[in-house]
Amino acid sequence: MAGKLPSDFLWGYATASYQIEGSPTADGRLPSIWDTFSHTPGKIKDGSNGDEATDSYRRWGEDVALITMSGAKAYRFSLSWSRIVPLGGRDDPINPAGIEHYRALIETLLKHGVKPVVTLYHWDLPQALHDRYGGWLNKEEIVKDYVNYAKTCFKYFGDHVKDWITHNEPWCISTLGYGTGAFAPGHKSNTEHWVVAHNLIIAHAYAVKAYRDEFQASQGGQIGITLDSSWQIPYDDSPENIAAAERGLAFKLGRFADPIYKGHYPSVVKEMIGDRLPNFTEEEIAVVKGSSDFFGLNTYTSQLVQDGGSDEIQGNVKYTFTRPDGTQLGKQAHVPWLQSYPPGFRSLLNHLWKTYKLPIYVTENGFPVKNEGTLPFDEVIRDTDRIDYFKGYTDALLRAVTEDDVPIKGYFAWSALRCFYRADGYDTRFGVTYVDFATQARTSKLSYDFLKKWFADHIAS
């Protein structure tokens, strides 16, 4: 296929603090809501927690070596709010040891030619803020405390960090944390998650405003947010299912993207949710609109969509991977919500460019091989299904850039390591590196080699 990605294309790997760091009490760190949640019996599928994970708080040098040897140009990781401001609040003390840890990581990445891409919030709210005033449910307090935390990070790391992401996947934070109860803090409500989603958007926007007003001119970086979405395909050509796919996308993606990039919630969301959907003040929406320098996208799969579901969170649509003729959309992953379908990835990228008109960074994309935990070690390392997934998705990415003229600026595979995968514990395995948790020994898989070669071959010199 003709064409290559531009020479400044940023590729690398993504991780998240609670999923890899371990050392939950080291050097002044205090608990986050994920520490509390994962230690609550029955919340994690395999009964595990992130107390050790891949021990990356202590073994971060090994992680940097792994990233460097992969040929990656960038490493996306998240900061632990509980390490930097352990009690979380704007009047609470900053933890020098937390600052020193992340400074050392950032400086070492740069020394090895790897660009740090830093996420401020990947779900691990300090438990103290949840206890003090309800955390993300309290707009007046959480926005001020989040902006203070963000400004602390800009102050101490912004001389080196030029790529910032405020929140990772506010849909997951709000819906799974405060709607279904599947994620921390484990609340179940048909009202709270709308409030939390709204407050996350506002906190994001005011953190961006602080960066632009006080830091961007001198530091020269960019800042945005990462939203998660699958591509939603009508089950068939019926008007009802075409409308259902559009509605599903509005409830999954549009209710975050539209305020941030267009300045309003999708009308279909407002109509269905009514007064449970909070309103922005005039001042707030003026700050929210345009509050991202790029479009950050986490995406893993596509879904066929039918009208008539009863799940309000999804916009009352039904999802399936089974086509009308009985065939499956793609290869089944270990998790029930993921099948591979590269054409859907390309379609989603085109949709985002046409709809929001900003450069795109694919900030997560990956595949957990089905039943990998039961496979012989040599088959785990020879991860054929994951390689097939990456082959399809990188080809779709390349075609979106070279044939469709979509301005995609970066791609981050999830994940660098086999890590603690939230409510699934260690049962679901996404990483291109196997980690033996008994010894913490790292062994790269063949998918690691595939991505190294593919990007070397497909980025212009």
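Start at 1 with the first residue, then count along the sequence. If you're wondering where the values come from, they're calculated on a predicted model, not measured in any experiment.
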Any side-chain to backbone donor/acceptor pair from T363 onto L297? Under 3.5 Å, distance only. yes

Scan side-chain atoms only and decide if H160 and Y102 contain a donor-acceptor pair under the 3.5 Å cut-off. no

So, the side chain of D46 versus the backbone of S48: is there a donor-acceptor pair under 3.5 Å, distance only? yes

Answer yes if the side chains of E169 and N298 hold a donor-acceptor pair under 3.5 Å, and no otherwise. yes

Step by step, work out the side chain to side chain donor-acceptor pair (under 3.5 Å) result for S189 and Y178. CA-CA 6 Å; S189 170; Y178 297 82; over 6 Å; no

Just by distance, no angles: are the side chains of D35 and S32 close enough, under 3.5 Å, to form a donor-acceptor pair? yes

For P368 and F430, the nearest pair of non-hydrogen atoms, with its separation, is CD-CE2, 3.2 Å

If we ignore hydrogens and angles and just use 3.5 Å, is the side chain of Q216 paired with the main-chain N or O of G221 as donor and acceptor? yes

Applying side chain to side chain contact (heavy atoms under 4.5 Å, CB included), run through H351 and L249 and close with a yes or a no. CA-CA 11 Å; H351 169 78; L249 202 59; 3.4 Å; yes

Atom pair OG1/CG of T355 and N350 - distance to nearest 0.5 Å: 10.0 Å

Validation row, ring centre Y18 to ring centre F420 under 6.0 Å: yes

Got a second to check how far L120's CG is from I165's CD1, nearest 0.5 Å? 9.0 Å

Can you list the steps and then say if F256 with S174 is a side chain to side chain contact (heavy atoms under 4.5 Å, CB included)? CA-CA 11 Å; F256 297 98; S174 56; 3.9 Å; yes

Between Y13 and G431 (side chain of the first, backbone of the second, donor and acceptor by atom type, cut-off under 3.5 Å), is there such a pair? no

Distance alone, cut at 3.5 Å: any donor-acceptor contact between the side chains of S291 and H204? yes

Closest heavy-atom contact between P86 and P126? O-CB, 3.9 Å

Is the closest side-chain donor-acceptor distance between Y206 and E284 under 3.5 Å? no

Identified ring-ring contact (aromatic ring centres under 6.0 Å, His included) partner of F183 from the options F37, W34, W171: W34

For P278, is there any backbone N or O sitting under 3.5 Å from a side-chain donor or acceptor partner on Y265? no

Carboxylate-amine/guanidinium contact R212 D293, below 4.0 Å: yes

K452 charged N/C atom sitting above W454 aromatic ring, 6.0 Å / 45°: no

W353 side chain to L349 main-chain N or O, any donor-acceptor pair under 3.5 Å? no

Under 3.5 Å, is there a donor on one side chain and an acceptor on the other for T54 and S56? yes

Would R247 and V305 count as a side chain to side chain contact (heavy atoms under 4.5 Å, CB included) here? Give the steps. CA-CA 10 Å; R247 189 167 70 251; V305 186; over 6 Å; no

Please indicate whether K289 has more than 12 foreign heavy atoms, meaning atoms of other residues, nucleotides or ligands, lying under 6.0 Å from its NZ. no

Nearest 0.5 Å, what's the CG-CG distance between L253 and D258? 7.5 Å

Which heavy-atom pair separates K252 from D228 by the least distance, and what is that distance? NZ-OD2, 2.7 Å

Does R399 come within less than 4.0 Å of D395, counting only side-chain N to carboxylate O? yes

For the residue pair S78 / N168, report whether a side-chain donor-acceptor contact shorter than 3.5 Å exists. no

Can a salt bridge be assigned to the pair D159 and R103 using a cut-off of 4.0 Å between side-chain N and carboxylate O? yes

If you draw a 6.0 Å radius around NZ in K111, do more than 12 non-hydrogen atoms from other residues or ligands fall strictly inside? no

Going through the checks in order, is the ring-ring contact (aromatic ring centres under 6.0 Å, His included) test met by F450 and F390? CA-CA 8 Å; F450 169 78; F390 283 133; 7.1 Å; no

Let me confirm one number: the CH2-NE2 distance from W136 to H167, rounded to the nearest 0.5 Å. 4.5 Å

So, Y448 side chain and S70 main chain: donor-acceptor pair closer than 3.5 Å or not? yes

Candidates W81, Y156, Y121, F154 - the one meeting ring-ring contact (aromatic ring centres under 6.0 Å, His included) with Y149: W81

R346 and E403 have their tightest heavy-atom pair at NH2-OE1, 3.1 Å

Is the backbone of F367 close enough, under 3.5 Å, to the side chain of R386 for a donor and an acceptor to pair up by distance? yes

Closer than 3.5 angstrom, by distance alone: can the side chain of K162 be matched with the main-chain N or O of Q219 as a donor-acceptor pair? yes

Counting only heavy atoms not in D275, do more than 12 sit closer than 6.0 Å to its CG atom? no

I'd like to know if R132 and E141 make a salt bridge, using a cut-off of under 4.0 Å between side-chain N and carboxylate O. no

Check: S292 side chain, I225 main-chain N or O, donor-acceptor pair, under 3.5 Å: yes

Value rounded to 0.5 Å, distance of CD in E52 from CZ in R58: 7.5 Å

Hey, are N365 and Y411 close enough side-chain-wise for a donor-acceptor pair under 3.5 Å? yes

Classify the ring geometry of F455 against F9: parallel below 30°, tilted from 30° to 60°, perpendicular beyond 60°. parallel

Using the ring of each side chain (for Trp, its six-membered ring), is Y57 parallel, tilted or perpendicular to H101, with breaks at 30° and 60°? tilted

Calculate, to the nearest 0.5 Å, the distance between atoms CH2 and CZ belonging to W60 and F77 respectively. 10.5 Å

Can the ring centroids of F280 and H198 be said to lie less than 6.0 angstrom from one another? yes

Is the count of non-hydrogen atoms from other residues, nucleotides or ligands lying under 6.0 Å from K209 atom NZ greater than 12? no

May I have the step-by-step check of side chain to side chain contact (heavy atoms under 4.5 Å, CB included) for K409 and F294, ending in yes or no? CA-CA 9 Å; K409 300 296 185 182; F294 51 84; over 6 Å; no

I want to check something: taking the side chain as every heavy atom from C-beta on, are S23 and R83 in contact at a cut-off of under 4.5 Å? yes

When you check the gap from the basic side-chain N to the acidic O, do R76 and D163 get nearer than 4.0 Å? no

Atom of S229, atom of L348 and distance for their closest heavy-atom approach: O-CD2, 3.6 Å

Under a 3.5 Å threshold, yes or no: a donor from one side chain and an acceptor from the other, between Q303 and Y341? no

List the atom of F215, the atom of K151, and the distance in Å for their closest heavy-atom pair. CZ-O, 3.9 Å

